[in-house]
J.: 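Sharing a structure, written as structure tokens. Questions coming.
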2 protein chains.
Amino acid sequence: MAFATKKGASAKLRSAAFKRVRADHSAELAEDYVEMIADLIDERGEARCTDLALRLGVANATVVKTMRRLQVAGLINQEPYRAIFLTSDGWKMAEDGRRRHALVEKFLLALGVTRETARIDSEGIEHHVSAETLKAMAKFLARNGG
Amino acid sequence: MAFATKKGASAKLRSAAFKRVRADHSAELAEDYVEMIADLIDERGEARCTDLALRLGVANATVVKTMRRLQVAGLINQEPYRAIFLTSDGWKMAEDGRRRHALVEKFLLALGVTRETARIDSEGIEHHVSAETLKAMAKFLARNGG
DNA sequence: TTGGAAGTTTAGCATTTGCTAAATTATTTG
DNA sequence: CAAATAATTTAGCAAATGCTAAACTTCCAA
């Protein structure tokens with residue numbers, strides 16, 4: 001090591017944040033898919049791969065592959081060539097996501113950004129907001145006409 | 001298609017947000033690495049793979065591989081077995097990241113979360129905050145003792 | 001009831017991002 | 001200065017996430 005400075009302890013603390021971000025990313029995609037499946041079921045009675053692909057902006061085959069992973073993860077159920085259903089774990093995740101998403105979006109609106117920006121930014125932000133920060137956002141909303 | 005509902009136009013709009021998130025993710029890693037290289041150079045005079053690996057919580061070989069990509073992207077310069085230097089593009093990215101990062105972290109603190117949460121959440125959030133939202137955060141800070 | 005359009009799946013590929021183990025180079029020290 | 005220690009690189013692997021093209025089902029309509 002070129003410069004013998006203290007490290008180790010502080011570095012380990014620091015690295016924890018990055019590890020959390022990396023872990024978030026794996027969960028993130030599952031959450032987005034599951035949330036959208038829930039939306040489709042509510043809006044039109046069933047969720048189909050094609051609709052998912054269209055809304056997420058990915059290819060059909062990508063959705064299919066992801067569905068297999070989600071099934072293995074116990075979040076959805078699907079028979080070949082049939083519509084997609086959420087398991088109870090899936091519904092729980094979807095509803096958690098929706099709640100968080102809605103709150104972040106409302107918060108951004110209350111902060112004064114445009115509707116469009118709130119919609120886009122909340123999509124990226126929602127997965128990285130801890131329970132504590134979420135609570136602080138809720139408190140802010142309560143104070144500022146949520 | 002099972003239920004003939006309007007789609008297409010609204011779906012394309014919707015999918016844009018997800019596409020932005022996916023695009024953000026590719027940039028995100030580069031930004032984290034570059035920002036940390038800048039920190040190391042400022043703190044201790046040079047940036048070494050080992051220190052990066054320690055702080056980011058990844059294996060050494062992972063850093064090396066990423067360095068090659070960053071070099072191809074024109075963000076860093078490095079001779080074999082030597083320290084890492086930022087190009088001017090690299091410095092620009094690092095400074096952008098630092099500014100955004102610091103602002104988001106201060107904003108979270110002003111919102112009332114603990115120091116630790118602000119540190120961790122800002123790490124994940126900073127990459128998904130648009131210029132407009134950033135400006136709104138700055139305005140909030142100006143009003144609320146930033 | 002059957003033929004074609006629409007939807008789904010499979011196969012095969014690429015990239016990113018991580019890992020461990022082994023080989024190589026630099027540095028420090030006895 | 002040579003041996004030991006530390007740092008770096010290479011090689012080879014794996015998983016996640018994306019793609020296109022081709023094959024297969026399903027379903028509606030003539």
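Reminder, nothing fancy here: chain letters follow the sequence lines and each chain counts from 1.
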J.: State whether Tyr33(B) places a side-chain N or O below 4.0 Å from either non-bridging phosphate oxygen (OP1 or OP2) of dG18(C).
T.: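 For Tyr33(B), the contact criterion (side-chain N or O under 4.0 Å from OP1 or OP2 of dG18(C)) is met.
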J.: From CG of Asp51(A) over to P of dT8(C), roughly how many Å is that when rounded to an integer?
T.: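 Taking atom P of dT8(C) as the reference, CG of Asp51(A) is at 8 Å.
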J.: Of Tyr81(A) and Ala27(A), whose closest DNA chain D nucleotide lies nearer the 5' terminus?
T.: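 This one resolves to Ala27(A).
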J.: Would you please confirm or rule out a distance under 4.0 Å between OP1 or OP2 of dT10(D) and any side-chain N or O of Arg68(B)?
T.: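 The answer is yes; a side-chain N or O of Arg68(B) sits under 4.0 Å from OP1 or OP2.
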J.: Does a salt bridge link Asp39(A) with Arg14(B), judged by any charged N lying under 4.0 Å from a carboxylate O?
T.: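 A salt bridge is absent here (no side-chain N lies under 4.0 Å from a carboxylate O).
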J.: How is Arg69(A) classified with respect to the nucleic acid when contacts are heavy atoms under 4.0 Å: base, sugar-phosphate, or nothing?
T.: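 Contact class for Arg69(A): base.
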J.: Of all the nucleotides listed (dT20(C), dT17(C), dT20(D)), which has the minimum atom distance to the side chain of Ala59(B)?
T.: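 Shortest atom-to-atom distance from the side chain points to dT20(C).
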J.: Return the value, rounded to whole Å, for the distance between atom CG of Asn60(A) and atom C1' of dT26(D).
T.: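 The answer, rounded to whole Å, is 15 Å.
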J.: Please tell me which of Ala61(B) and Glu79(A) maps to the more 5' nucleotide of DNA chain C, matching each residue to the nucleotide holding its nearest heavy atom.
T.: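 Looking at DNA chain C, the more 5' nearest nucleotide goes with Glu79(A).
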J.: As a test of reading the structure: which of dA11(C), dT8(D), dG7(C) is closest to the side chain of Thr50(A), going by heavy atoms?
T.: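 Taking heavy atoms from C-beta onward, the closest nucleotide is dG7(C).
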J.: What's Arg22(B) touching, base or sugar-phosphate or nothing? Going by heavy atoms closer than 4.0 Å.
T.: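 Contact class for Arg22(B): sugar-phosphate only.
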J.: Between P on dT8(C) and CD1 on Ile76(A), what's the gap in Å once rounded to a whole number?
T.: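 My rounded result for the distance is 12 Å.
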J.: Between atom CD in Glu31(B) and atom P in dT17(C), what is the gap in whole Å?
T.: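 In whole Å, dT17(C) P and Glu31(B) CD are 12 Å from each other.
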J.: Counting any heavy atom closer than 4.0 Å, what does Val64(A) reach on the DNA or RNA strands: base, sugar-phosphate only, or nothing?
T.: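 Base: the residue Val64(A), judged by heavy atoms under 4.0 Å, touches a nucleobase.
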J.: State, yes or no, whether a side-chain contact exists between Tyr33(B) and Val58(B) at a heavy-atom distance under 4.5 Å.
T.: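 Touching, per the 4.5 Å side-chain cut-off.
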J.: Side-chain contact test, heavy atoms from C-beta onward, threshold under 4.5 Å: evaluate it for Arg98(A) versus Glu126(A) and give yes or no.
T.: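 Not in contact.
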J.: Side chain of Lys19(A), base of dG18(C): donor and acceptor closer than 3.5 Å?
T.: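 No.
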J.: In whole Å, I'd like the distance from the CD atom of Glu46(B) to the C1' atom of dA6(D).
T.: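 In whole Å, dA6(D) C1' and Glu46(B) CD are 14 Å from each other.
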J.: Nearest 0.5 Å please: distance from the CZ atom of Phe140(B) over to the OG1 atom of Thr133(B).
T.: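 If I round to the nearest 0.5 Å, the distance is 14.0 Å.
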J.: Main chain of Asp32(A), side chain of Glu28(A): is a donor-acceptor contact present, judged purely on distance under 3.5 Å?
T.: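 No, because the side chain of Glu28(A) does not come within donor-acceptor range (under 3.5 Å) of the backbone of Asp32(A).
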J.: Given atom CZ of Arg44(B) and atom P of dA7(D), what is their separation to the nearest angstrom?
T.: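 Rounding to the nearest Å, CZ of Arg44(B) and P of dA7(D) are 11 Å apart.
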J.: Rounded to the nearest Å, what distance is computed from the CG atom of residue Leu56(B) to the P atom of nucleotide dT17(C)?
T.: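 Computing the Leu56(B):CG to dT17(C):P distance gives 12 Å.
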J.: Which residue, Lys65(A) or Gln78(A), contacts DNA chain C at a nucleotide closer to its 5' end, judged by nearest heavy atom?
T.: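 Nearer the 5' end of the strand: Gln78(A).
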J.: Same cluster or not: Ile76(B) versus Ile41(B), using hydrophobic residues (I, L, V, M, F, W, Y) connected whenever any side-chain heavy atoms lie under 4.5 Å apart?
T.: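 Yes, because Ile76(B) and Ile41(B) connect within a single hydrophobic cluster, where side-chain heavy atoms sit under 4.5 Å apart.
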J.: Can a side chain N or O of Thr66(B) be found less than 4.0 Å away from OP1 or OP2 on dT16(C)?
T.: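 The answer is no; no side-chain N or O of Thr66(B) sits under 4.0 Å from OP1 or OP2.
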J.: Return the value, rounded to whole Å, for the distance between atom CZ of Arg82(B) and atom P of dT9(D).
T.: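 In whole Å, dT9(D) P and Arg82(B) CZ are 10 Å from each other.
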J.: Are any of Thr62(A)'s side-chain N or O atoms less than 4.0 Å away from OP1 or OP2 of dC19(D)?
T.: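 Checking dC19(D) against Thr62(A), a side-chain N or O does come within under 4.0 Å of OP1 or OP2.
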